Number of protein chains: 2
Amino acid sequence: MNEFQPPGRLVTLTDVAREAGVGESTVSRVLRNHGSSSKRARERVAEAVARLGYVPNRLAGSLAGGGAGPGLVGVVIPSFANIVFPDLLRGLTTALEGTGMQSVVGVSEYDPEREEALVAALLSWRPEALLLTGLEHTQGTVALARAAGVRVVEMIDTDGEGIDSVVGFSNREAGAASARHLLARGYRRIGYIGLDSEVDLRAGKRLAAFEGVLAEAGLALEGREIRPGRSSAASGRAGFEALLARHPRLDAVYFSNDDMALGGWFACLAAGLAVPGRIALFGFNGLDFTEAMPQPLSTVRTPRLEIGRAAAACLTGKTPQTIDLGFALIEGATA
Amino acid sequence: MNEFQPPGRLVTLTDVAREAGVGESTVSRVLRNHGSSSKRARERVAEAVARLGYVPNRLAGSLAGGGAGPGLVGVVIPSFANIVFPDLLRGLTTALEGTGMQSVVGVSEYDPEREEALVAALLSWRPEALLLTGLEHTQGTVALARAAGVRVVEMIDTDGEGIDSVVGFSNREAGAASARHLLARGYRRIGYIGLDSEVDLRAGKRLAAFEGVLAEAGLALEGREIRPGRSSAASGRAGFEALLARHPRLDAVYFSNDDMALGGWFACLAAGLAVPGRIALFGFNGLDFTEAMPQPLSTVRTPRLEIGRAAAACLTGKTPQTIDLGFALIEGATA
DNA sequence: TCTCTCTTTGGCAGCGCTGCCAATTGTGTT
DNA sequence: AACACAATTGGCAGCGCTGCCAAAGAGAGA
């Protein structure tokens with residue numbers, strides 16, 4: 001590498017051209033392997049690049065080429081604190097690997113206004129595509145996304161109208177399936193533990209559908225505990241203990257998330273409550289640990305990695321797509 | 001928003017200038033709130049921007065301004081699968097919020113070569129700074145990072161020489177402290193369960209220091225189980241069962257990660273082994289769930305969020321820094 | 001040897017923006 | 001009313017690269 005660069009001025013393509021004794025366009029062509037070039041030119045350029053330690057400037061490249069070549073993908077997720085979203089990114093990154101695209105990530109903290117600001121900020125980097133979470137956005141977000149003229153993929157939820165492409169599963173159906181499962185197992189005095197539905201809209205949809213099924217059976221939630229902050233085992237445990245203190249006769253609890261359910265299970269263990277004999281537990285997401293539990297958690301497995309991967313596939317697609325990847329009800333041993 | 005844009009041509013600053021009836025430089029100045037401008041100019045520009053739905057092109061802006069204004073930050077993590085790294089990103093993103101900087105994330109899958117390729121790719125977007133994980137990199141990575149002329153922050157590990165800035169804690173000391181704790185509690189027949197140390201180098205350092213302390217006490221690991229794939233409760237449980245089958249007389253197990261330890265605890269529960277009476281469990285990371293367990297897990301809490309936050313602070317710093325954020329040994333109830 | 005075609009090459013405009021500078025306008029002073 | 005001075009403004013070069021095009025070189029065939 002060249003250690004004699006005056007700091008502040010990086011090696012440019014022009015430097016490489018001079019060093020290699022060829023024209024700029026030749027260097028450009030060789031580097032992008034685009035158009036024809038002689039073997040000799042390719043060698044000289046490669047040498048010069050290595051000698052100078054040239055790193056192309058994609059800002060300039062994308063600007064000049066009108067976004068030619070693989071570029072950036074803007075991604076907005078609500079949070080890093082819920083494992084769901086890293087899982088999404090994991091699937092996405094895996095699938096993006098090899099395309100040369102890089103993701104620029106923004107975190108909205110479940111705030112639609114912040115999401116809008118992030119979308120504007122991300123679009124200013126002229127990404128090739130925009131990935132959002134959920135279907136609910138501000139008008140401004142929708143307008144920005146539409147006007148950007150790039151593929152937009154909304155992930156996770158399929159219950160509603162998308163801007164462009166949608167990849168996910170039906171949260172409503174997942175909630176309904178959970179309720180049907182509990183009813184089929186004979187549970188009637190059911191409680192719910194989750195976060196604010198105004199914040200986690202998908203959990204809100206599941207809960208609404210869950211309650212809908214209960215209502216059809218002439219039942220209602222016997223109690224509910226809405227927890228502040230993020231989803232965690234500690235919060236689930238505290239919520240469970242509080243809920244059970246208020247409603248001692250509950251025979252099942254539906255959690256918004258497996259993390260929370262794990263906390264509930266810990267609480268049962270600590271209090272010596274038989275699961276599911278005394279009380280049944282039902283989670284959501286199908287996180288890894290659930291199957292390792294002495295009694296596997298009854299839950300709904302969501303295709304998080306697959307959503308990320310499918311979203312990546314959508315990005316490059318020519319036409320908008322709507323993909324429902326479904327979910328799987330895991331019977332487990334806790335409900 | 002303007003719905004009449006011929007697709008493919010986005011609104012430019014020149015369009016805004018024309019619409020507002022002012023010069024381009026005026027628009028530029030107003031938008032960046034840089035230099036002086038009259039109230040009238042500001043209003044007209046704001047109107048035009050709103051009317052046209054203008055989104056600035058930062059590719060052009062950064063190119064022209066020599067990287068002026070808040071830009072991109074390149075981040076390379078080994079994986080999204082280990083909660084540690086999303087936690088890092090969470091801290092980072094939180095701290096970056098409001099600076100206007102956006103992070104471009106690459107995942108190396110613990111492969112140094114891939115890390116090098118990612119660094120090259122990220123640098124081509126001319127980020128303001130580069131965040132790497134750990135201190136071990138290929139020569140090429142180091143050369144690229146050095147030549148880039150930007151702040152480089154290596155996160156998590158402080159056991160060694162950094163390229164520029166370093167934020168983390170001593171993995172060696174964490175391993176040593178864990179061993180001292182187990183020895184002090186009287187455990188002598190100790191096993192280890194973790195992933196390949198060649199892959200997770202930090203875990204390797206912890207284990208080496210752990211074994212070093214045992215050696216000083218005239219002891220050695222009685223057995224070890226190296227698991228393929230990623231860290232998970234399921235893997236921890238399977239590893240624990242396998243290890244205990246081979247070494248039935250173990251009285252304590254040190255896990256490379258709390259996830260794995262949770263799996264071990266599940267195994268004990270399923271097999272009816274008293275913890276820590278029959279066998280003690282010791283984890284690493286201090287993940288959220290550990291404190292919600294009926295017996296809180298004995299572990300070492302690592303300052304993951306804080307590392308992310310401190311790294312963000314380093315980015316903007318004028319001089320390289322080395323920050324050791326330490327760790328906390330959590331006595332818990334399993335060892 | 002000469003022409004015709006195909007390959008390879010370099011020059012240069014321009015992507016959208018910012019920095020610089022000179023020109024213009026407005027304000028306060030005597 | 002004429003002046004100095006500050007605030008505001010627009011034109012234009014140029015950031016590093018790519019696309020286009022015309023020019024030059026290399027073969028191939030007559």
Side-chain angles (χ1 to χ4, degrees), chain A residues 5 8-45 48-49 52-72 123-127 148-149, chain B residues 5-6 8-45 48-49 52-72 123-128 148-149:
Chain A
Q5 274 309 308
R9 197 179 158 289
L10 297 175
V11 182
T12 71
L13 181 139
T14 309
D15 298 328
V16 175
R18 195 182 316 113
E19 178 81 13
V22 300
E24 301 182 24
S25 356
T26 302
V27 177
S28 177
R29 254 175 275 124
V30 168
L31 289 179
R32 287 174 305 137
N33 202 18
H34 179 276
S36 54
S37 53
S38 63
K39 194 178 174 210
R40 182 174 157 287
R42 263 171 277 142
E43 285 168 357
R44 304 207 55 171
V45 168
V49 164
L52 299 178
Y54 173 64
V55 176
N57 184 336
R58 306 278 236 88
L59 298 180
S62 291
L63 182 61
L72 297 171
L123 286 177
S124 73
W125 292 106
R126 295 294 184 264
Chain B
Q5 275 308 310
R9 196 180 158 289
L10 296 175
V11 182
T12 71
L13 181 140
T14 309
D15 298 327
V16 175
R18 195 183 316 112
E19 178 82 13
V22 299
E24 300 182 25
S25 355
T26 302
V27 177
S28 177
R29 255 176 274 123
V30 168
L31 289 178
R32 288 173 305 138
N33 202 18
H34 179 275
S36 56
S37 54
S38 63
K39 194 177 175 212
R40 182 173 156 286
R42 263 170 278 144
E43 286 168 357
R44 303 207 55 171
V45 168
V49 164
L52 299 177
Y54 172 65
V55 176
N57 184 336
R58 308 274 243 97
L59 299 180
S62 291
L63 182 61
L72 298 171
L123 286 177
S124 73
W125 292 106
R126 294 294 184 264
E128 284 187 47

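Keep in mind it's a predicted model, so treat the numbers as computed, not measured. Residue numbering restarts at 1 for every chain, and letters A, B, ... go by the order of the sequence lines.
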Going from CG on A/N57 to CG on A/L10, what distance comes out if it is rounded to the nearest 0.5 angstrom?
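Here the interatomic distance stands at 8.5 Å.
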Using five base pairs at each end, measure the axis-to-axis angle across the helix from C/dT1-D/dA30 to C/dT30-D/dA1 and round it to 10 degrees.
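Rounded value for the end-axis angle: 40°.
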Selection: residues 36-45 of chain B, any non-hydrogen atom under 4.0 Å of DNA chain D
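Within this stretch, B/S36, B/S37, B/S38, B/A41 sit under 4.0 Å of the strand.
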Quickly work out the B/R18 CZ to D/dG11 P distance and round it to whole Å.
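Those two atoms, CZ and P, are 12 Å apart.
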On a heavy-atom basis, which atom in [X] and which in [Y] lie closest, and how many Å separate them?
| X | Y | answer |
| --- | --- | --- |
| A/A148 | A/L123 | CB-CD2, 3.5 Å |
| B/V30 | B/R42 | CG1-CG, 3.7 Å |
| A/A48 | A/A20 | CB-CB, 3.8 Å |

Report each atom pair, protein N/O against N/O of nucleotides 25-28 of chain D, whose distance is under 3.5 angstrom.
none

Any heavy-atom pair between the side chains of A/V27 and A/V22 that's under 4.5 Å?
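The answer is yes, as the side chains (C-beta and beyond) meet within the 4.5 Å cut-off.
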So do the side chains of B/R44 and B/T26 get within less than 4.5 Å of each other, counting heavy atoms only?
no
Among A/D15, A/V16, A/V45, whose side chain to side chain contact (heavy atoms under 4.5 Å, CB included) with A/Y54 holds?
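The residue from A/D15, A/V16, A/V45 that satisfies side chain to side chain contact (heavy atoms under 4.5 Å, CB included) with A/Y54 turns out to be A/V16.
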Hey, can you pull the donor-acceptor pairs under 3.5 Å for the side chains in residues 58-68 of chain A, sequence neighbours left out?
from: A/R58; atom 1: NH1; to: A/P70; atom 2: O; distance (Å): 2.8
from: A/R58; atom 1: NH2; to: A/P70; atom 2: O; distance (Å): 3.2
from: A/S62; atom 1: OG; to: A/R58; atom 2: O; distance (Å): 3.2

Pairs involving residues 19-36 of chain B, ordered by first then second residue, that meet salt bridge (charged side-chain N to carboxylate O under 4.0 Å, His left out) (sequence neighbours left out)
B/E19-B/R51
Letter per nucleotide, 5' to 3', of nucleotides 17-27 of chain C [B base touched, S only sugar-phosphate touched, - untouched; heavy atoms, 4.0 Å]:
BSB--------
